[in-house]
Amino acid sequence: MEPPNLYPVKLYVYDLSKGLARRLSPIMLGKQLEGIWHTSIVVHKDEFFFGSGGISSCPPGGTLLGPPDSVVDVGSTEVTEEIFLEYLSSLGESLFRGEAYNLFEHNCNTFSNEVAQFLTGRKIPSYITDLPSEVLSTPFGQALRPLLDSIQIQPPGGNAVGRPNGQS
Amino acid sequence: MTHVISRTPKMPQRGRSSGLPADRTISSVTRVIVKTPGNLKDFIVADDTSVRQFKEKLSAHFKCQMDQLVLVFMGRLLKDHDTLSQRGIVDGHTIHLVIKSKHGSRSLAHSSRNLPVSEPCHGDRNTKGNSSGVCKSASMSQTPTESDLFVKTDAPKVRTQDLKVDTSECIARILENPNIQRLQSNMEYMRQFISEHPDMQQLMQQNPEVSHLLDNSEILYQTLELARNLAVIQEIMQTQQPAQNPEHPLNTLGFETIPGGNNALSQSYTDFNDRMLNNLKDPFGGNPFTALLAGQAPEQLQTSPTILPPSQEWRDQLPPPVIYTSSRGFSSISTNGISTNATPNRVNHTSTISTNDQSPVHDTEIAALPSKEVTQKSQEEDQDATISIDSPEQKLEEDPQLSDEQNSSQIAGGMMQLLMNNPHLAAQMMFMGMPQLNDQWKQQLPTFLQQSQLSDLLLALTNPKASQAILQIEQGLQLLATEAPVLLPWVAPYSWGLGCLSAPNCNYPDPMHWAWNMPDIPESKRSECCHVPGTVLQKLQSLAGDPSHFLQAPEIRFSKQMESLQAMGFGNHHANLQALIATEGDTNAAIRKLMRSQGF
């Protein structure tokens, strides 16, 4: 009975505003936001993230965003790459289709949270998942909500995961 | 052994009860949540159910076989012989379930749930990327866990070198094999084969773009469609034979001939362009925002980037495809710029414009402008970029500093245009340096700028005499500030926006460029804003050019431009000077102004 392989699972955190949010959020929103977080899960030497184009993957740090601003260790998993890709395929067909993307409700961090829980049973840090509600709780955020809702984020540099054959 | 129960328990939710009569089937139950992608289901099981039994239940429920089920809890795979409680699964826990498809998926290829349909032969894709018909069989041996499909094939084991002999017959034989046909119609397998062949891998190492092509299933599909025709294959083989480099047939093939190939190449060209420009940007300091926000006077090199950041945010609100096209457009402009001139400043200017396009879309809640204004801005910047590149005057190319001024003045001109149209933007510009601005002012500024006759005022300001007058006022105020600061509160209403109150140094802004240097604003607003630190205007002015320039007399600053104007035939020295002052040293704009004033 061989011991199961444990694969490390990391969460790559990017600040999409490149520091701007930390400076300007007190003025604009009235509360301090440390960043506009985009996250992705890195496991099996690949980075997986969700954007308006669906679930994508790339080599770690391989999107146009460059290297992550911080890396969070989520834990480790026994789930093999094969099973994981199966899982992602079915996620991509059900819950995380590209058109399901919504900046506030169903974004990259939702995906990262979901996957992290699948892989390790743990959630990602709450400051990331609380970001939308933080923003929406400000009058500024409420005022801008219709505009922000229409924003779709898709960091370039990834390849689609789990699409049916022949379509891209 | 207790077996699984499927009725709601009569027990409390905690699940464990020790005091009940020994009805062993109901003694202890656990409610677990089984989560599949897209589905959530509660299951009630007995505490000491084994995983195997649980899987039986699940397979009945999800209508699949037991070995397709993969249960994951806390990142651990649940093995059949475990019991749920052994793994620490108690009431309310979530177990993740993955239902494997019948054929395993591999790497990042798609997993197909359906058996491949026997479509007409896709042709031998081997000839695309490799010179051997042995790819299939070779890679077959490399993938030990492939399905039975491969085992059944009796593809001839053709050696690589032999392919050059009797190729068409071998290929025909291979293609006729229905198993091979079925195989080829399965995109996933084809992709696998292609990527696992050593020749292909070598190619991919040397040209990473090829892997992009493989991953794009559309291109792959089209490629395979193209290869269906045996005649095409033969033609390709013929062209390949004389090729000096048989290991890189993709080059000789010419992707242009493949429908959709151009797209793939253009994508890779864009990617390459983007990366190249990203690298260009780095030497000049990665983050243009920091210089602006830290309140330092940015170097002249960074004057253009500091003006551009707002545009970056607005631009980001365009849908992503637009970003790519505009990036491509700018890439071409900037590569043009890079090749046509050697001045590093200009390169910086254009490259920063284009790299702004490449940054990912931000979901920043800061800017809120309709995209119409974005396109306007991008057009202006387009003009700015093209103007700066296509400028035919040799003098400008020789003088980097001069060109920088022109660049910045062109940017400033464009900026002004934009600010006139977008008061929100103007508000944002102001906020960048002034945390202490209160909300009231924030709201007032946009409406204020809208209401005021901005354009008229700006036109008035461009009148050189008016600007001279304002300059004199400023100079007087500055003198006052240095000589008798105590008097400043008395003239505070008049000094709003002129930055003299709290600007200890002499860097006050040139009034012609910035809209809020208007002396006729209502008194109340002025008093509110008179404490606006001069740092804003300092910044704005430094954005417009090197601060030290303002200290020199205009004649000295613009001596070169004056000479060129003289050479062009504008004899009126005084008018030239005025025009140059008004346009901040921009010879082209000065010429236009002079011609206008002369009644053209």
Side-chain angles (χ1 to χ4, degrees), chain A residues 4 9 16-21 23-24 26-29 36 38 46 52 57 63-65 75-83 85-87 89-91 93-95 103 117-122 135 140-141 143-144 147-148 151-156 159-168, chain B residues 35-39 70 72-77 79 93-94 96 98-101 104-112 186-188 212 215-219 221 271 274 278 287 289-290 293 309 313 316-317 319-320 323-324 358-366 368 431-432 434-435 437 442:
Chain A
V9 179
L16 290 178
S17 71
K18 298 275 185 224
L20 256 199
R23 293 181 195 275
L24 298 183
I27 310 170
M28 310 297 294
L29 298 181
I36 311 289
H38 163 83
D46 273 314
S52 50
S57 73
T63 65
L64 217 55
L65 297 168
S76 48
T77 187
E78 282 177 16
V79 175
T80 65
E81 181 166 9
E82 191 184 337
I83 301 175
L85 291 168
E86 282 271 358
Y87 169 75
S89 296
S90 33
L91 263 196
E93 281 156 17
S94 58
L95 209 52
L103 188 68
Q117 285 182 64
F118 168 74
L119 286 176
T120 65
R122 313 226 304 252
V135 171
F140 193 87
L144 284 189
L147 173 74
L148 297 174
I151 292 182
Q152 307 249 302
I153 300 193
Q154 178 62 36
N159 304 310
V161 167
R163 297 272 183 182
N165 291 338
Q167 304 168 17
S168 61
Chain B
K35 198 168 175 194
T36 59
N39 214 343
V70 176
V72 179
F73 179 68
M74 296 299 289
R76 304 289 178 265
L77 297 169
K79 308 259 186 292
H93 277 171
T94 303
H96 296 269
V98 180
I99 303 177
K100 287 202 281 206
S101 60
S105 63
R106 182 167 309 271
S107 69
L108 287 174
H110 325 302
S111 67
S112 61
N186 187 337
M187 192 70 56
E188 171 212 346
H212 288 179
D215 289 331
N216 186 342
S217 57
E218 195 174 46
I219 289 180
Y221 187 70
D271 286 345
D274 292 348
N278 269 336
N287 192 341
F289 294 94
T290 51
L293 292 172
E313 282 144 11
D316 291 340
Q317 290 170 22
I323 287 182
Y324 256 114
Q358 294 145 24
S359 49
V361 179
H362 290 201
D363 61 340
T364 159
E365 294 94 342
I366 298 170
F431 297 155
M432 284 205 167
M434 293 182 304
L437 211 56
K442 248 194 273 186

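Remember, it's a predicted structure, so these values are computed and weren't measured experimentally.
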What option among A:Glu78, A:Gln117, A:His38, A:Arg122 has the most heavy-atom pairs under 4.5 Å with chain B? A:Glu78

Rounded to the nearest 0.5 Å, what separation is found between the CD1 atom of A:Ile83 and the CD1 atom of B:Ile99? 13.0 Å

Can you tell me how far the OG1 atom of B:Thr94 sits from the CZ atom of A:Phe118, to the nearest 0.5 Å? 13.0 Å

Ignoring hydrogens and geometry, is there a side-chain-to-backbone donor-acceptor pair from A:Glu86 to B:Lys100 under 3.5 Å? no

Under the criterion side-chain contact (heavy atoms from CB on, under 4.5 Å), I'd like the reasoning laid out for A:Val79 against B:Val98: C-alpha separation, chi angles, the key distance, then a yes or no. CA-CA 10 Å; A:Val79 175; B:Val98 180; over 6 Å; no

At a heavy-atom separation under 4.5 Å, does A:Leu91 approach chain B through its side chain, its backbone, both, or neither? both

Assess the residue pair A:Ser76 and B:Arg76 against the criterion (side-chain contact (heavy atoms from CB on, under 4.5 Å)); give the C-alpha distance rounded to whole Å, side-chain angles, the decisive distance to 0.1 Å, and a yes or no. CA-CA 9 Å; A:Ser76 48; B:Arg76 304 289 178 265; 4.2 Å; yes

Residue part contacting chain B, namely of A:Ser94, when any heavy atom lies under 4.5 Å: side chain

